[in-house]
Amino acid sequence: QVQLVESGGGSVQAGGSLRLSCAASGYTYSSKCMGWFRQAPGKEREGVANIYTGGGSTYYADSVKGRFTISQDNYKNTVYLQMDSLNPEDTAMYYCAVDLPTDGCASGSWVPSGLFGHWGQGTQVTVSS
């Protein structure tokens, strides 16, 4: 059974940083696509970043490019999201997801949420002005 556990959320002031972690267990494939999504109250879920663990290709949404960094530790089966220069618009519940890699993921393109079959419970990020 695949299990994803997110951690690292919290409350920070604008301009601050947080690092989210997503530990995956029960996923037997060595190469996978892992993504971070977020959803603010009253808004649709938004793709933030994804990474192809087989080669390291990454994608970032325009809204976070240059501020957020997705990375991986394959030995720990963990993906991270380093978030710098946070602003109140980043306030949301952040979710990680995993599934088999697609050509898009491997080439560093956006992978829509519908292509991810396994999701974590989410971790809240709140940024105050």
Side-chain angles (χ1 to χ4, degrees):
Q1 182 179 356
V2 178
Q3 186 175 18
L4 300 176
V5 179
E6 301 104 330
S7 61
S11 297
V12 295
Q13 289 191 328
S17 298
L18 285 172
R19 189 176 83 153
L20 306 184
S21 299
C22 175
S25 61
Y27 199 84
T28 59
Y29 298 96
S30 58
S31 294
K32 49 190 173 288
C33 188
M34 295 193 73
W36 284 99
F37 294 79
R38 66 186 182 185
Q39 188 167 20
K43 294 188 177 181
E44 293 187 354
R45 186 169 292 186
E46 172 191 19
V48 176
N50 48 254
I51 186 168
Y52 169 53
T53 65
S57 301
T58 58
Y59 159 83
Y60 296 96
D62 287 343
S63 57
V64 306
K65 202 172 292 184
R67 301 188 298 121
F68 290 13
T69 304
I70 189 171
S71 61
Q72 60 178 326
D73 184 333
N74 285 339
Y75 291 106
K76 295 182 179 179
N77 231 6
T78 299
V79 169
Y80 304 96
L81 186 69
Q82 177 67 41
M83 305 187 297
D84 299 318
S85 301
L86 285 161
N87 59 62
E89 289 70 38
D90 296 316
T91 295
M93 184 71 79
Y94 283 71
Y95 300 89
C96 73
V98 66
D99 216 307
L100 291 171
T102 62
D103 289 342
C105 189
S107 64
S109 299
W110 172 63
V111 180
S113 60
L115 295 183
F116 288 96
H118 307 281
W119 292 80
Q121 293 299 307
T123 185
Q124 178 68 38
V125 171
T126 303
V127 185
S128 58
S129 57

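This chain uses plain numbering: 1 for the first residue, then up along the sequence. Because the structure is a prediction, the values reported are computed rather than measured.
- A single hydrophobic cluster is seen to contain both F68 and L18, as judged by linkage of ILVMFWY side chains at heavy-atom distances under 4.5 Å, directly or through other members.
- No donor-acceptor contact under 3.5 angstrom links the side chains of E89 and S63, judged on distance only.
- For the atom pair CZ (R19) and CD (Q82), the distance works out to 7.0 Å, reported to the nearest 0.5 Å.
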(request) Before giving the answer on side chain to side chain contact (heavy atoms under 4.5 Å, CB included), spell out for Y52 and S107 the whole-Å C-alpha distance, their side-chain angles and the decisive distance to 0.1 Å. (result) CA-CA 8 Å; Y52 169 53; S107 64; over 6 Å; no
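- L86 CG to S11 OG: the interatomic distance, rounded to the nearest 0.5 Å, is 11.0 Å.
- Between S31 and P101, the closest heavy-atom pair is O-CD, 3.4 Å.
- With hydrogens and angles disregarded, no donor-acceptor distance shorter than 3.5 Å links the side chain of Q72 to the backbone of V79.
- Hydrophobic clustering of Ile, Leu, Val, Met, Phe, Trp and Tyr side chains at less than 4.5 Å, counting indirect connections, unites V12 with L81.
- Not a single donor-acceptor pair under 3.5 Å links the side chain of E6 to the backbone N or O of L20.
- When side chains are defined from C-beta on, I70 does not count as touching M34, because their heavy atoms never get closer than 4.5 Å.
- Of all heavy-atom pairs between S17 and D84, the closest is OG-OD1, 2.7 Å.
- A distance of 9.5 Å separates OG in S113 from CD in E44, rounded to the nearest 0.5 Å.
- With T126 contributing its side chain and T91 its backbone, the two residues share no donor-acceptor pair below 3.5 Å.
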(request) Tell me, with the steps shown, if F37 and W119 meet ring pair (Phe, Tyr, Trp, His ring centres under 6.0 Å). (result) CA-CA 10 Å; F37 294 79; W119 292 80; 4.9 Å; yes
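- Taking 4.5 Å as the limit, every side-chain heavy atom of V48 sits out of range of all side-chain heavy atoms of M83.
- Here the side chain of S57 pairs a donor or acceptor atom with the backbone of A106 at under 3.5 angstrom.
- One N or O on the side chain of Y27 and one on the backbone of L100 form a donor-acceptor pair closer than 3.5 Å.
- In the hydrophobic cluster analysis, where Ile, Leu, Val, Met, Phe, Trp and Tyr join through side-chain heavy atoms closer than 4.5 angstrom, L115 is grouped apart from I51.
- Across every non-hydrogen atom of T53 and N74, the tightest pair is O-ND2, 3.5 Å.
- Contact check for V2 versus K32: no side-chain heavy atoms found under the 4.5 Å cut-off.
- The closest donor-acceptor contact from the side chain of Y80 to the backbone of T69 lies at 3.5 Å or more, if one exists at all.
- Exactly one residue among Y60, W36, Y59 makes a side chain to side chain contact (heavy atoms under 4.5 Å, CB included) with N50. That residue is Y59.
- Nearest heavy-atom pair across G9 and T123 is N-OG1, 3.1 Å.
- In plain terms, the two heavy atoms of A92 and A40 that are nearest each other are CB-N, 3.8 Å.
- In terms of modelled atom types and a separation under 3.5 Å, the side chain of Q121 and the main chain of V5 share no donor-acceptor contact.
- At distances below 3.5 Å, not a single donor-acceptor pair connects side-chain atoms of N77 with backbone N or O atoms of S25.
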